[in-house]
Amino acid sequence: MKKGRFITMEGVDGSGKTTQLQLTARYLLDCGYEVVTTREPGGTKLAERIRNIVLDADAAVNPRTEILLYLAARAEHVEKVIRPALEAGKVVLCDRFADSTLVYQGFVRGIEMDKVKALCELATDALQPELTILLDAAPEALLQRRADRGVKDRFEQEGLDFQKKVREGFLLLANADPVRVKKVNALQNTEAVQADIQKILKDEGF
Ligand code: TYD
């Protein structure tokens, strides 16, 4: 059976993940891989509908409701998109995955980590990325960068303390699993960030 490769990209809101995901996909295509890019929550029709619900929801939504929505979307996404692509030998590049749940719903919203892990395992049927690229930057600096560009979005709505906690959660995960999770300084310019990512991919045998 052909073996695909599963890579995820994580980071605080506004760290440039989406741009880097597209550039990384282009690079891997140029290397000759078949690449599927996708995102969470989302990736299938049903999961995109759940995305609209969960991202439009009132900020006061209960964390338990929230996690179940994210995980319902993930179960669907893994079964319909990610696993079939991996079984077909493709590289799957996913914007956010279970690490986001551990950080946002576990570390930040306060659901017990063991429970979050068990629920993620259920939703993914134990699928894990072999490589996770963490675009890391201090939220204060990202906020400044966004203000300079005139961007207004959820980053500002959630507030700086929230984003700092998110960053702290991702750094804890990266430090706990440095083999899988590779940190990249997201405050560099786009080309420099992409160069770091390509170096990591080369080290991983791409
Ligand atoms: P998205 O528009 O993808 O954000 P960004 O472009 O900043 O990555 O929205 C995803 C949001 O959902 C983001 O704030 C993180 C959050 N999220 C969770 O809280 N839990 C999860 O499991 C996932 C996948 C995302």
Side-chain angles (χ1 to χ4, degrees), residues 6-25 37-44 46-78 81-82 92-113 115-124 127-129 132-139 141-143 145-146 149 151-170 172-173 181 184 186-187 190 193:
F6 184 27
I7 305 172
T8 59
M9 222 172 261
E10 300 277 3
V12 297
D13 299 297
S15 55
K17 271 184 299 91
T18 310
T19 305
Q20 291 300 332
L21 195 95
Q22 297 309 328
L23 293 171
T24 306
T37 57
T38 187
R39 67 169 178 187
E40 291 233 334
T44 73
L46 173 60
E48 289 290 335
R49 288 170 74 181
I50 298 174
R51 176 189 180 86
N52 289 336
I53 295 171
V54 74
L55 295 186
D56 282 350
D58 191 313
V61 70
N62 182 307
R64 293 195 305 281
T65 308
E66 193 183 61
I67 193 172
L68 292 171
L69 286 168
Y70 281 116
L71 294 181
R74 180 163 309 141
E76 164 82 6
H77 189 206
V78 167
V81 176
I82 300 177
V92 176
L93 261 181
C94 189
D95 191 339
R96 298 194 182 280
F97 197 64
D99 293 317
S100 278
T101 318
L102 287 164
V103 168
Y104 285 85
Q105 280 66 53
F107 191 72
V108 179
R109 300 269 187 225
I111 300 177
E112 250 174 78
M113 276 297 179
K115 287 185 183 160
V116 178
K117 280 186 188 150
L119 286 168
C120 283
E121 201 179 318
L122 175 76
T124 60
L127 178 70
Q128 284 182 339
T132 297
I133 293 170
L134 172 62
L135 294 182
D136 176 57
L142 289 175
L143 194 65
R145 182 163 87 174
R146 292 167 91 70
R149 292 177 186 168
V151 181
K152 269 220 166 295
D153 56 17
R154 198 173 40 248
F155 193 98
E156 285 80 4
Q157 290 164 30
E158 295 282 14
L160 200 54
D161 287 345
F162 178 92
Q163 301 294 349
K164 283 187 185 166
K165 190 101 205 257
V166 170
R167 182 196 191 197
E168 197 189 332
F170 277 125
L172 281 174
L173 289 185
V181 185
V184 171
L187 281 181
T190 304
V193 173

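Both ligands and their constituent atoms are indexed starting at 1 by order of listing.
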(message) Tell me every residue that passes ring-ring contact (aromatic ring centres under 6.0 Å, His included) with Phe107, counting only those two or more places apart in sequence or in another chain.
(response) none

(message) Tell me whether ligand 1 is touched by Arg39 - counting only heavy atoms on the residue side and a distance under 4.0 Å.
(response) no

(message) Working note: Phe97 + Phe6, criterion ring-ring contact (aromatic ring centres under 6.0 Å, His included); need CA distance, chi angles, decisive distance, verdict.
(response) CA-CA 11 Å; Phe97 197 64; Phe6 184 27; 5.0 Å; yes

(message) Tell me whether Glu168 at atom CD has more than 12 heavy atoms from other residues, nucleotides or ligands lying less than 6.0 Å away.
(response) yes

(message) Regarding atom 13 (C) of ligand 1: of the candidates Ile67, Asp99, Asp13, which has the closest heavy atom?
(response) Asp13

(message) Can you see whether Gln22 engages Thr37 through a side-chain donor-acceptor pair at a distance of less than 3.5 angstrom?
(response) no

(request) Output the list of atoms in ligand 1 that are nearer than 4.0 Å to some heavy atom of Lys17, sorted by atom number. (result) 5 (P), 8 (O)

(message) Just to verify, what does Glu48 make a side chain to side chain contact (heavy atoms under 4.5 Å, CB included) with, not counting sequence neighbours?
(response) Arg39, Arg51

(request) Report the part of Val54 (side chain from C-beta onward, or backbone N, CA, C, O) that has a heavy atom under 4.0 Å from ligand 1; answer both or neither where that applies. (result) neither

(message) At under 4.0 Å between heavy atoms, is it the side chain or the backbone of Glu66 that contacts ligand 1, or both, or neither?
(response) neither

(message) At under 4.0 Å between heavy atoms, is it the side chain or the backbone of Arg51 that contacts ligand 1, or both, or neither?
(response) side chain

(request) Decide whether the shortest distance between a heavy atom of Arg109 and an atom of ligand 1 is less than 4.0 Å. (result) no

